[in-house]
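First comes the structure, then the notes that go with it.
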Amino acid sequence: MKIWSISALLAAIGLAMPAVAGAQTVPMQHAFLVQNSGWMEPFYIDTQSQLKPLVAAVAHAVAQPQDTVSILAFNQSAGQNVSPKLLSQSRGAQDVAQALQPLQVARKGDGSARAAMADTDFKEAVVGTITGPFQQAPGILWIFTNNKNSPNNDAQTRERNRDFYSLLHTEPSITKTLAFPLRMPVQGKLYQAHGLMVYALAYGEPAAQALERIMAKGRLSQVLTKPPARLKPIDQEAVRIVPQAVKDAPHIKASLGSDQRTVVLDVEPASYVPQVTLQASLQNLFFPYAIEQAAVSGHLHAPTGTSALAVVPPQVSHLQPGATSPVEVSFQLPMAQVPSAWSMQALSAMGKQVLMPMSVELQLQGQNLSLSETFRSDMEALFPGDPISEVFTPPTTVNASKVQVPLLLRVQYPLAPVIALIGAGLLLLLGFVALGLIGSRSKRFDFVVDGNSRSIVLKPFSSQTLCNAEGQEIGEVRRGLGAPKVVRVNEGHTLVARPR
């Protein structure tokens, strides 16, 4: 029987890290590890058991046609019994139900019916999947288990339990861990069970991003209907701000965006003020943990740079998962970045909104978390006698967390400047048209040239040189919009305009 030590596990995962860092995000690998050790006996004996249909449903909900899907049974390697055991590998999830159909409880030794039922080693299953079907490349491991390691429940089993729990929380290459506790009562010949646990482990950062996309799409929530417990990371996305109003600024409206994360501030340029105090609620996203104590501070990240913001009260305490606590968040909005109503950016918006994306970063320091009593009691009902609290106990090293809250400033510009600009443009255009019409009209004017009458025709803004009967140049006249004027008379001659 081969037992993996923690050092061997870390060495195996460490070798895989270059592949994790350089791998592409798509397509993604999925491994569905189904426990078939002794404690799982009722899930295979009970004719009403939904274990296999559940695995197939989850696989169809999360795997894309181009994804590599591996189906594995796991227990603990002993004699001829090998764990994890690859049952099938294919593109997409079309073969999952067929691969699971013959799966039964594994036996030790030669696997005969008289042999003892197999024990379980979670760590061995995880490492064997990463170094086996995954080939040390990023992927998501979906583990289906009743959370019990061994029918004998010996000291070695508890140590293996702790190793697995430590892996879920602290191993750096396991970048995201979710747990879905499910109610699934089953009765076998030897044992009975009330619940089943589904773990989702992301190996490598690309797998964590893929798992986030899967959760965001919502297909998995149609199969696993209750929200998952987040085991890792628990130092990110700790809280969210639920806006209610802007203090002493009735013309600024605060709301939550369609993504239920972005804080939106709607303001008109005439009502724009640089200092904003947002009245809001701070909501605990640490399911299933209560925030017993934490100091709250933050920064505003704007196009003009980063500035501190004030949170009142500056601490939160006894905040249960999903619960809210009233806060006031004060920060300085950038003035220079808000366009004038007469700016080209505002005018080009044609009376619509000009958007300015920013973000608020909140930090929780001196953070003390505890497992929600409601969740603890629910787990004790699903997994009686199992030290389930150990897997959900947050590491003592996690005493700080942060969250990035998108902030969108929407400045609503009125149509009046646009209408005024269009009106001015039309008037200017009409003026040019009128000048053009006037400029194209010619008119006859009379002059006295060296005592003789003379008529000439002039267009607006034109000039003409006049000569006497002998052809001598007398002078020059020039016309604007009105009557022409004499601008030059040569010496010894006379040139006078005759009024009409």
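If you read the sequence from its start, that first residue is 1, and numbering goes on from there.
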Determine, stepwise, if the pair Val34 / Tyr44 fulfils side-chain contact (heavy atoms from CB on, under 4.5 Å).
-> CA-CA 11 Å; Val34 185; Tyr44 293 93; 3.5 Å; yes
For salt bridge (charged side-chain N to carboxylate O under 4.0 Å, His left out), just list the numbers for Lys217 and Glu212, CA-CA rounded to whole Å, side-chain angles, deciding distance to a tenth of an Å, and then say yes or no.
-> CA-CA 9 Å; Lys217 287 181 180 178; Glu212 289 176 3; over 6 Å; no
For side-chain contact (heavy atoms from CB on, under 4.5 Å), just list the numbers for Leu178 and Leu211, CA-CA rounded to whole Å, side-chain angles, deciding distance to a tenth of an Å, and then say yes or no.
-> CA-CA 9 Å; Leu178 301 178; Leu211 183 54; 4.1 Å; yes
Are His299 and Ser307 close enough, and set up right, to give a side-chain contact (heavy atoms from CB on, under 4.5 Å), and what steps lead you there?
-> CA-CA 6 Å; His299 291 83; Ser307 58; over 6 Å; no
Can you list the steps and then say if Phe43 with Asn146 is a side-chain contact (heavy atoms from CB on, under 4.5 Å)?
-> CA-CA 9 Å; Phe43 291 92; Asn146 70 338; 3.8 Å; yes
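For the pair Leu72 and Pro133, the tightest heavy-atom approach, listed with the atom from each and the gap, is CD2-CG, 3.9 Å. Here the closest heavy-atom approach between residue Ala254 and residue Pro243 is recorded as CB-CB, 4.0 Å. Of all the heavy atoms in Ser83 and Asn75, the pair that sits closest is OG-N, 2.9 Å. Closest approach of Arg230 and Ile234 over heavy atoms only: O-CG2, 3.5 Å.
Atom NE2 of His301 and atom CG of Leu309 lie 9.0 Å apart (nearest 0.5 Å). Annotation: the span from Asn399 atom CG to Gln293 atom CD amounts to 13.0 Å, rounded to 0.5 Å. Atom CG of Leu201 sits about 4.5 Å away from atom OG1 of Thr177, to the nearest 0.5 Å. Atom-to-atom distance recorded for Thr68:OG1 and Gln29:CD is 5.5 Å, nearest 0.5 angstrom. Once rounded to the nearest 0.5 Å, the distance linking CG of Leu364 with CG of Leu282 reads 7.0 Å. Atoms CE and CG, on Met358 and Leu409 in that order, are 4.5 Å from each other to the nearest 0.5 Å.
Side-chain polar atoms of Glu361 and Gln363 form a donor-acceptor pair below 3.5 angstrom. In the model, Ser401 has no side-chain atom that pairs as donor or acceptor with a side-chain atom of Gln236 under 3.5 Å. Side-chain atoms of Gln89 and Ser70 include a donor-acceptor pair closer than 3.5 Å. Side-chain polar atoms of Thr277 and Glu328 form no donor-acceptor pair below 3.5 angstrom. Looking at Thr120 and Gln35, their side chains do bring a donor and an acceptor atom within 3.5 Å of each other. Ser330 and Gln275 form no side-chain donor-acceptor contact under 3.5 Å, judged by distance and modelled atom types alone. With no hydrogens or angles considered, a side-chain donor-acceptor pair links Ser359 and Gln404 at under 3.5 Å.
Remark: side-chain polar atoms of His169 are paired, donor with acceptor, to backbone N or O of Leu231 under 3.5 angstrom. At least one donor-acceptor pair closer than 3.5 Å links the side chain of Ser90 to the backbone N or O of Gly92. The backbone N or O of Ala245 lies less than 3.5 Å from no partner atom in the side chain of Lys253, so there is not a single donor-acceptor pair. Distance alone, capped at 3.5 Å, is enough to place a donor-acceptor pair between the Arg240 side chain and the Gln260 backbone. Here the side chain of Thr129 pairs a donor or acceptor atom with the backbone of Ala125 at under 3.5 angstrom. Asp67 contributes a side-chain N or O that, together with a main-chain N or O of Met28, makes up a donor-acceptor pair within less than 3.5 Å. Under a 3.5 Å cut-off, the side chain of Glu41 and the backbone N or O of Tyr191 do form a donor-acceptor pair. The backbone N or O of Leu319 sits less than 3.5 Å from a side-chain atom of Asn284, completing a donor-acceptor pair. In this structure, the side chain of Arg183 does not engage the main chain of Ala381 through any donor-acceptor pair within 3.5 Å. A donor-acceptor pair is defined here as one N or O able to donate and one able to accept, closer than 3.5 Å; such a pair exists between the side chain of Gln94 and the backbone of Arg91.
Val239 places none of its side-chain heavy atoms less than 4.5 Å from the side chain of Val296. Ser49 places a side-chain heavy atom less than 4.5 Å from the side chain of Val186.
In this structure, Gln98 places its CD atom where only 12 or fewer heavy-atom neighbours from other residues, nucleotides or ligands lie under 6.0 Å away. Within a 6.0 Å sphere centred on NZ of Lys52, other residues, nucleotides and ligands contribute more than 12 heavy atoms. Crowding of Gln66 atom CD: a count of heavy atoms from other residues, nucleotides or ligands under 6.0 Å exceeding 12.
Looking at Glu237 and Arg261, a side-chain N of the basic residue comes within less than 4.0 Å of a carboxylate O on the acidic one, giving a salt bridge.
Using a 30° and 60° split on the angle between ring planes, Tyr203 and Phe134 fall in the parallel class, below 30°. Note on ring orientation: taking the six-membered ring where Trp is involved, the planes of Tyr289 and Phe286 are perpendicular (angle over 60°, cut-offs 30° and 60°).
Aromatic pair Tyr199/Trp142: centroids not less than 6.0 angstrom apart.
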